[in-house]
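Before any comments, here is the structure.
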Amino acid sequence: MFRVLVSDPISKDGLEPLLEAENIEIVQKNVQEETDLSSYDALFVRSATKVTEELMNTMPNLKIVARAGVGVDNIDVEQATRRGIIVINAPDGNTISTAEHTFAMIASLVRHIPQANMSVKNREWKRSSFVGSELHGKMLGIVGLGRIGTELAKRAKAFGMRVAVFDPFLTKERSEKIGVEKHDFEELLSNADIITVHTPLTEETKGLLNDETIAKTKKGVYLINCARGGIIDESALCAHLENGHVRGVALDVFEVEPPEHTRLLEFDQVIATPHLGASTKEAQLNVAYQVSKEVLLFIQGKQVTTSINLPAMSDEEYQEVAPFDSLAQKIGSFMSQYMKEPVQSITIEYEGKAAEIESSYVTKSMIASFLKQRMDININTVNAGVLARERGIQFIEKVSGRNSGYSNSITVSIQGEQRTSEIKGTVIPHFGERIVAVNGFSIDFNPSGHLLYIQHTDVPGVIGNVGRILGNHAVNIATMQVGRKEKGGEAIMMLSFDRPLDQVILGALSELEEIVFIHAIEL
């Protein structure tokens with residue numbers, strides 16, 4: 001039974017994909033009210049529940065955190081990644097609602113609608129006190145042209161506004177296609193009549209609009225933040241409202257929520273809403289439904305597409321990756337059992353069709369498989385890179401343009417303290433995974449089951465002696481492959497069996513004079 005804890009309010013309609021599935025138990029209770037969190041596999045949150053390191057300590061079985069919304073500021077993603085916990089969100093579920101709310105805030109701000117509304121309700125009729133400005137012909141400056149920024153640009157253009165955008169990842173071609181002006185940050189600050197921010201809160205964007213940058217804006221500028229509290233420095237904002245440089249501010253988010261102690265709410269030219277950007281019935285349902293489907297995919301062992309700490313792939317992309325992912329996992333496990341010594345670096349090289357896939361996912365999958373043999377903690381593609389670096393293991397990813405005779409191949413080279421080893425595999429359509437080279441020895445075997453790798457001197461009688469010892473212990477050989485580099489040098493055997501070999505048999509084989517070393521491999 002897969003147990004899901006829904007900590008923040010989410011409607012049953014939003015949880016429908018999970019409610020209709022079998023072997024899933026859903027408990028709707030806040031984490032602070034649940035006395036035993038140890039058995040939960042998944043955690044659903046909105047923005048209220050803080051998924052901290054302390055909370056994760058109380059949830060040892062936690063495998064996935066689902067944020068029914070876009071921002072993950074309330075989730076310690078770094079700690080989740082370290083523990084191998086997948087974090088997913090709903091990146092486009094509230095796009096329309098936030099874009100609409102932002103535009104409503106802009107229109108309300110320049111026309112003084114909230115203030116005029118309160119005045120009329122106080123039985124006043126002060127038309128001259130609320131003379132506003134038209135949006136038509138004004139320049140709207142958008143910082144961050146993601147999904148929400150793009151939708152906002154469409155609405156602004158419909159009102160006859162010019163739209164200027166600062167986004168370091170915006171190409172000229174895309175800006176022309178959308179019909180916006182691509183500006184650098186300084187240019188946008190000095191030219192825009194209204195500036196709205198639509199970026200995540202990161203070290204780079206925290207305080208993006210501060211005392212220095214606000215001073216560079218047009219006198220009489222309007223500032224909007226419906227993204228994340230902290231992108232606009234609130235103390236600097238107060239100062240520029242007081243000196244009259246900023247004409248008006250519309251805020252849906254604050255540095256601290258609720259904003260009980262901020263001076264911003266004392267200014268008449270500030271309008272505010274309580275973090276309502278995603279608060280429409282449609283958006284609330286959309287984001288919950290979206291992450292519910294993603295969690296169900298995870299439970300079913302399928303690829304999730306909205307992970308914060310995994311490469312995002314469509315189902316079609318994952319189908320292309322899956323065969324190489326399986327091969328890489330087996331190579332990783334093989335090499336970990338074969339290289340029984342500390343490792344300094346791992347290099348994985350992709351060739352042919354394998355070079356065209358989302359290789360970062362496959363690389364981390366291979367590293368996770370390698371580390372699982374050596375560590376007693378949960379390791380997967382989420383935390384493999386972090387854990388490898390913590391242990392001083394460098395991993396390098398290469399894409400090769402050479403042609404070694406295979407339509408696709410993955411080659412893994414591992415540098416240990418004493419030696420370097422290399423293994424090469426390929427995926428053959430309708431035939432499956434094959435290992436085609438080990439340490440420069442050409443060979444061809446299926447990497448699965450109970451295997452025995454033997455490196456020996458290339459002299460007559462070795463195969464017979466190995467067969468004799470196995471026969472004496474009533475062990476039947478399922479398959480055998482051999483390879484050598486040159487006559488009379490060293491050679492290898494790869495044997496497979498129907499059951500694992502015990503230490504007595506391995507010891508007897510090791511005593512053969514011709515044997516250099518042997519390794520039992522379980523795949």
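On a predicted model such as this, the values are computed, not experimentally measured, just so you know.
Taken from CD in E257 to CD in E255, the straight-line distance is 10.5 Å, to the nearest 0.5 Å. In this structure, NE2 on H183 lies 9.5 Å from OG on S175, to the nearest 0.5 angstrom. In this structure, CD1 in I113 is found 15.0 Å from CE in M118, a value given to the nearest 0.5 Å. In this structure, OG on S307 lies 10.0 Å from CZ on F298, to the nearest 0.5 angstrom. A distance of 11.0 Å separates CD in E349 from CD in E397, rounded to the nearest 0.5 Å. Note that the CG atom of N117 and the CD1 atom of I271 stand 11.5 Å from one another [nearest 0.5 Å].
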Check step by step if side-chain hydrogen bond (donor to acceptor under 3.5 Å, both in side chains) holds for N286 and Q290.
-> CA-CA 6 Å; N286 289 343; Q290 184 177 343; over 6 Å; no
Should S119 and E124 be marked as a side-chain hydrogen bond (donor to acceptor under 3.5 Å, both in side chains) after you check the CA-CA gap, both sets of side-chain angles, and the distance that decides it?
-> CA-CA 5 Å; S119 177; E124 298 172 341; 2.8 Å; yes
Give the C-alpha distance, both sets of side-chain angles, the deciding distance and a yes or no for side chain to side chain contact (heavy atoms under 4.5 Å, CB included) between R389 and F395.
-> CA-CA 8 Å; R389 283 189 290 268; F395 56 93; 3.3 Å; yes
Do D76 and T52 pass the side-chain hydrogen bond (donor to acceptor under 3.5 Å, both in side chains) test, and can you show the C-alpha distance, the side-chain angles, and the key distance before you say yes or no?
-> CA-CA 5 Å; D76 189 336; T52 61; over 6 Å; no
Would you please test L223 and N225 for side chain to side chain contact (heavy atoms under 4.5 Å, CB included) and show each step?
-> CA-CA 7 Å; L223 300 179; N225 187 3; over 6 Å; no
Could you check L55 against L37 for side chain to side chain contact (heavy atoms under 4.5 Å, CB included), going step by step and ending with a plain yes or no?
-> CA-CA 9 Å; L55 178 59; L37 297 169; 3.8 Å; yes
Test side chain to side chain contact (heavy atoms under 4.5 Å, CB included) on V163 and V165 and set out the steps.
-> CA-CA 7 Å; V163 180; V165 173; 4.1 Å; yes
Yes or no on salt bridge (charged side-chain N to carboxylate O under 4.0 Å, His left out) for R155 and E151, after CA distance, side-chain angles and deciding distance?
-> CA-CA 7 Å; R155 285 151 180 77; E151 290 296 329; 2.9 Å; yes
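Judged purely by atom type and a 3.5 angstrom limit, T426 uses its side chain to pair as donor or acceptor with the backbone of N408. Although no hydrogens or angles enter the test, the distance criterion places no donor-acceptor pair under 3.5 Å between the side chain of S326 and the main chain of A322. Not one N or O on the side chain of S369 forms a donor-acceptor pair closer than 3.5 Å with the backbone of S365. Between the H245 side chain and the I214 main chain, a donor and an acceptor come within less than 3.5 Å of each other. At least one donor-acceptor pair under 3.5 Å links the side chain of S292 to the backbone N or O of G14. Panel note: side chain S190, backbone E187; a donor-acceptor pair is recorded below 3.5 Å. Although no hydrogens or angles enter the test, the distance criterion places no donor-acceptor pair under 3.5 Å between the side chain of E282 and the main chain of S97. Side chain of H198 to backbone of A227: no donor-acceptor contact under 3.5 angstrom is found. Remark: side-chain polar atoms of Q28 are paired, donor with acceptor, to backbone N or O of I10 under 3.5 angstrom.
A donor-acceptor contact under 3.5 angstrom links the side chains of N210 and T213, judged on distance only. A side-chain donor-acceptor contact under 3.5 Å links H101 and T273. If you check the side chains of S345 and Q394, you find no donor sitting under 3.5 Å from an acceptor. With hydrogens and angles left out, the side-chain atoms of R147 and N94 include no donor and acceptor closer than 3.5 Å. Side-chain atoms of T306 and N89 form no donor-acceptor pair, as typed in the model, at a separation below 3.5 Å.
Contact of the I396 side chain with the I346 side chain is not registered, since no non-hydrogen atoms from C-beta on lie closer than 4.5 Å. With contacts defined as side-chain heavy-atom distances shorter than 4.5 Å, the pair V180/I142 does not qualify. Using a 4.5 Å cut-off on side-chain heavy atoms (C-beta onward), F267 and E242 make contact. Counting heavy atoms from C-beta on, the side chains of T150 and I178 come closer than 4.5 Å. The shortest distance between side-chain heavy atoms of F324 and S359 does not fall below 4.5 Å. Considering only heavy atoms from C-beta on, L140 comes within 4.5 Å of I106 through its side chain. Considering only heavy atoms from C-beta on, Y40 stays 4.5 Å or farther from V4 through its side chain. Side-chain atoms of R83 and L62, non-hydrogen and from C-beta on, never get closer than 4.5 Å to each other.
When every heavy atom of T205 is checked against every heavy atom of P200, the shortest pair comes out as OG1-O, 2.6 Å. Nearest heavy-atom pair, C238 versus L264, reported as atom, atom and distance to 0.1 Å: SG-CD2, 3.6 Å. Contact detail for C226 and D252: the closest heavy-atom pair is SG-CB, 3.8 Å. Considering every non-hydrogen atom in both A80 and V87, the closest pair reads CB-CG2, 3.7 Å. When all heavy atoms are compared, the tightest approach of L188 to A164 is CD1-O, 3.6 Å. Nearest approach of T49 to S7, heavy atoms of both residues: OG1-OG, 2.7 Å.
Crowding of K126 atom NZ: a count of heavy atoms from other residues, nucleotides or ligands under 6.0 Å not exceeding 12. Other residues, nucleotides and ligands contribute over 12 non-hydrogen atoms within 6.0 Å of the CD atom of Q300. No more than 12 heavy atoms of other residues, nucleotides or ligands sit less than 6.0 Å from atom CZ of R111. Counted within 6.0 Å of CD on E134, heavy atoms from surrounding residues, nucleotides or ligands total 12 or fewer; the atom is thus considered open. Within 6.0 Å of NZ in K206 there are 12 or fewer heavy atoms belonging to other residues, nucleotides or ligands.
F103 and F159 have their aromatic ring centers within a separation under 6.0 angstrom.
A salt bridge is defined here as a Lys NZ or Arg NE, NH1 or NH2 lying under 4.0 Å from an Asp or Glu carboxylate O, and K216 with E212 meets this definition.
Tested against D73 for a side chain to side chain donor-acceptor pair (under 3.5 Å), the candidates R228, R67, K50 yield a single pass: R228. Test K138, K218, R162 against D193 for salt bridge (Lys or Arg N to Asp or Glu O under 4.0 Å) and you get one pass: K218.
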